[in-house]
Protein chains: 2
Amino acid sequence: MAETRSKPSKGSKRASTRTGAPKATIKDIARAAGVSVATVSRVLNTPDLVVAKKRQAVLRALRRHDYIPNQTARSMISRRSRAIGLILPTLANPVFVPAIAAIEQELDRAGYALLINCCERDPARELAQARTLIERGMDGLLITGSEHLPDLPALLARHRIPHVSQDVSQDIALDKPMGPSIGLDNAGALAAAVDHLHACGHRRIAVLSGPVHNTPSVRDRFLSAIARIRHHGLICPDAWCAVSDDYDNHSTRIAAQRLLDCGEQPTAVALTGDLLALGLISECRARSLDIPRDLSIIGCGDTNMGQYADPPLTTIHMPFVEMGRAAARDLLSLIEDRKPPELSILPHELVIRQSVAAPANAHSAKTGRLRTNRL
Amino acid sequence: MAETRSKPSKGSKRASTRTGAPKATIKDIARAAGVSVATVSRVLNTPDLVVAKKRQAVLRALRRHDYIPNQTARSMISRRSRAIGLILPTLANPVFVPAIAAIEQELDRAGYALLINCCERDPARELAQARTLIERGMDGLLITGSEHLPDLPALLARHRIPHVSQDVSQDIALDKPMGPSIGLDNAGALAAAVDHLHACGHRRIAVLSGPVHNTPSVRDRFLSAIARIRHHGLICPDAWCAVSDDYDNHSTRIAAQRLLDCGEQPTAVALTGDLLALGLISECRARSLDIPRDLSIIGCGDTNMGQYADPPLTTIHMPFVEMGRAAARDLLSLIEDRKPPELSILPHELVIRQSVAAPANAHSAKTGRLRTNRL
DNA sequence: TTGAAAGCGCTAACAC
DNA sequence: GTGTTAGCGCTTTCAA
């Protein structure tokens, strides 16, 4: 057999890629199997249309050449890349990781690839990344958050790119709708947190927030906590509304110090994120404040952190995994012309552990109601 | 102007994508600007070659049509996708996230897209994902870990796909080399951990490991710890070598119980990962064992967790960020025909916090040497 | 059942 | 400088 060693025919004009030998194309296979390229394509896509004998020959050639079809060429014809782009605010905050995992899983199952970009909370960069993803022929885009340049919805609309937003701020989603959106009930979560503290008898409730810049979800949580405290007819002086510059131990402790150094000490603190608990707990430990005896703490998010905190953190579970899964599914629906709901807000859930108790001087403490339902 | 409303010419055979109106192509722009497609292409790629007047006309048409070049078509010609694929073992373990962030950053800076796949530690799935990524025309692949099917290196070699491995087990990398690799010194890290405990006066040192199945890095750490304990002439009975089924609180505590329930209690525990500290600390708290007074703990990894643990965790810093960055850079070098080093092992670093002290009955305690160099 | 040929949107010779 | 044209690798009519 003359073709045993199938070196590229000497006169070939086929440009070898810079990085190696030319890959076998459908043409090579056709030549090797003694059929036309159309037949090879049929064996690949609709094998039943090819008579067994030729099919075998083609399959053999395919295997011998380690043929890998060129998806790029296919995308060109089908006008579909079977890939979607995910734009994240950042990977520094690990709360998105479970959502990413869920998205990856859903897409992989459906045969879609996932491209990831982090815009580092820079809306201009986000817009640029969206453009690049469109250039790259993404079948759809998953956008995280709701702090965008107005050009972004315009871009998506003009190019009719299917897209779903996740982790949107409810207000913004209603105010400037940008297609189907999945949100967490951030405001509701902190209201529930404050309600829980209130139900435990706390009347001096403070708020400790993460950075709110370009992070509507955190801002929603923060403002909602304050509003809910007032809703209960309680005071909430500025000194009890601290914002940390970051989630690291140092920044959080500085913010926590502002709360604890003011004349009147709160008996409970509602956090906009579980991560903040650790710094606050550190600060309490340094001041020999016992949690929950001297200070109750309730988190928000229900990340791993909370489960391991000392004491284990009572918190509001936020369904990030479900959010990612829903976003991915809705986007795939959209790509396949089925229309997902415009805005769905996923429910939170109170997770009672051990960082909240009745205040020491409680009048209306109902300690019996506190029990762990997770751990 | 007749073309103000540029509806797709009625007779056009151009297939509209299923999801919307046909996007403007270079042909549309050429027609609108009254030039040839080549001129439009030149305006896009080598604007200096086009006379100003026509260039302006083209630019105007480009803007009016919101033209977005089709990267797929470009890739077809250049045979480069300017995209790379990253295969991860899992996203459930957040240690990889900082590496991913570093990779994303490096690639974004270089104008490359990042595709992410999780194989969930299933080597067959990893192989399938690699195939898919090759089909999709990735310019290179970033592989994580070193537990592969033998078909994987074969596949990469046959198709001459530039690839770099990260988080490789040093032994495996040397034994079955698979191209340029970046590793962490897992064995060295646990040896250093044990050395530190030994230097603090500990002679009864136990090991608590995360699951080792398909996770050579963890196995390396585990075995190295045991070997190092023996190297110091100490005993290390089986009961002092516990392996947790998972990193969650429950699994870790079960493993920790095995350590602490055996007749002879260790005075110190070396962990294969920071994450395990939290469960172990919980268990100690439940038994009223003070850390570090009654038990010293040293972690490995230096994740956020450790900074927030109570007490703050003395640990071995593992350079995951540097690993991701190096992997991305080396891969880009490889794609551009520059040859990166075959195997680089990144250095670890002891981070002394507060979870290690001399044992209560120490003979050779040198407490003065212990000081925090981070926090 | 198969093959020839026309593109998908773009770039790069090669003429003019 | 600019236009014409030949592909990139593949799928898909349309004939045979």
Side-chain angles (χ1 to χ4, degrees), chain A residues 8 12-18 22-58 61-62 65 67-82 134-137 139 159, chain B residues 8 12-18 22-58 61-62 65 67-82 134-137 139 159:
Chain A
S12 169
K13 277 198 312 199
R14 188 138 53 92
S16 71
T17 70
R18 228 186 0 58
K23 303 194 169 51
T25 74
I26 202 171
K27 241 177 185 162
D28 298 317
I29 306 302
R31 198 178 312 123
V35 299
S36 74
V37 292
T39 298
V40 178
S41 176
R42 287 189 194 102
V43 170
L44 256 19
N45 300 300
T46 51
D48 296 342
L49 268 50
V50 179
V51 75
K53 190 168 176 134
K54 287 199 175 176
R55 189 174 49 221
Q56 297 307 334
V58 170
L62 251 20
H65 288 255
Y67 176 74
I68 292 201
N70 181 327
Q71 259 303 138
T72 307
R74 287 179 162 174
S75 293
M76 192 115 193
I77 297 163
S78 67
R79 297 164 140 79
R80 318 258 276 87
S81 59
R82 289 192 83 79
I134 294 174
E135 282 190 13
R136 288 182 178 277
D139 290 342
H159 294 280
Chain B
S12 170
K13 280 199 308 201
R14 187 137 53 92
S16 72
T17 71
R18 226 186 3 59
K23 303 195 169 52
T25 74
I26 201 171
K27 242 176 184 161
D28 299 317
I29 305 302
R31 198 178 312 123
V35 300
S36 73
V37 292
T39 297
V40 178
S41 177
R42 283 187 197 106
V43 171
L44 257 19
N45 300 300
T46 50
D48 295 342
L49 268 49
V50 179
V51 75
K53 190 170 178 131
K54 289 200 174 174
R55 188 173 51 219
Q56 297 307 335
V58 170
L62 251 21
H65 289 252
Y67 176 75
I68 291 203
N70 182 327
Q71 258 304 137
T72 307
R74 285 179 163 175
S75 293
M76 190 114 195
I77 297 163
S78 66
R79 297 166 139 79
R80 319 260 274 89
S81 60
R82 288 192 84 81
I134 294 175
E135 282 191 12
R136 287 181 179 280
D139 290 342
H159 295 279

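Just so it is clear: chains get the letters A, B, ... in the order the sequence lines come, proteins before strands, and each one is counted from 1. The basis for the numbers below is simple: all heavy atoms, side chains too, and nothing from hydrogens, waters or symmetry mates. Given the structure is predicted, the values throughout are model-derived calculations rather than measurements.
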In B/S/- notation (B base, S sugar-phosphate only, - none; protein heavy atoms under 4.0 Å), nucleotides 10-16 of chain D written 5' to 3' is BBBB---

Rounded to 10°, the helix from C/dT1-D/dA16 to C/dC16-D/dG1 deviates from straight, judged by its five-pair end axes, by 50°

message = The criterion is side-chain contact (heavy atoms from CB on, under 4.5 Å); which residues satisfy it with B/Arg82, sequence neighbours excluded?
response =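 B/Arg82 satisfies side-chain contact (heavy atoms from CB on, under 4.5 Å) with A/Arg136, B/Tyr112, B/Asp139 once adjacent residues are dropped.
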
**OP:** Check whether any side-chain nitrogen or oxygen of A/Ser36 sits under 4.0 Å from OP1 or OP2 of C/dA4, and answer yes or no.
**Re:** no

Margin query: Looking at A/Arg79, I'd like to know whether one of its side-chain N or O atoms comes within less than 4.0 Å of OP1 or OP2 on C/dG9.
Written below: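 Checking C/dG9 against A/Arg79, a side-chain N or O does come within under 4.0 Å of OP1 or OP2.
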
field: Gap between atom CG of A/Leu62 and atom CD1 of A/Ile68 - 0.5 Å precision
entry: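 Here the rounded value is 10.5 Å.
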
Between CD of B/Gln71 and CD1 of A/Ile134, what distance do you get to the nearest 0.5 Å?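 With rounding to 0.5 Å, CD (B/Gln71) is 13.0 Å from CD1 (A/Ile134).
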
Nearest heavy-atom neighbours spanning [X] and [Y]:
| X | Y | value |
| --- | --- | --- |
| B/Tyr67 | B/Ile26 | CE1-N, 3.7 Å |
| B/Ala33 | B/Ala61 | CB-CB, 4.0 Å |
| B/Val35 | B/Val58 | CG2-CG2, 3.8 Å |

Within this structure, what is the [atom1]-to-[atom2] distance between [X] and [N], rounded to whole angstrom?
| X | N | atom1 | atom2 | value |
| --- | --- | --- | --- | --- |
| B/Leu49 | C/dA15 | CG | C1' | 16 Å |
| B/Leu62 | C/dC10 | CG | P | 10 Å |
| B/Ile29 | C/dC10 | CD1 | P | 9 Å |
| A/Glu135 | C/dG9 | CD | C1' | 13 Å |
| B/Asp28 | C/dC8 | CG | P | 11 Å |

Please tabulate, one pair per line, all N/O donor-acceptor pairs under 3.5 Å involving side-chain atoms of residues 44-51 of chain B, not counting sequence neighbours.
residue	atom	partner	partner atom	Å
B/Asn45	ND2	B/Ser41	O	2.9
B/Asn45	ND2	B/Ser41	OG	3.3

Partner residues of B/Ser75 under the side-chain hydrogen bond (donor to acceptor under 3.5 Å, both in side chains) criterion, sequence neighbours left out |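 B/Ser75 satisfies side-chain hydrogen bond (donor to acceptor under 3.5 Å, both in side chains) with no residue once adjacent residues are dropped.
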
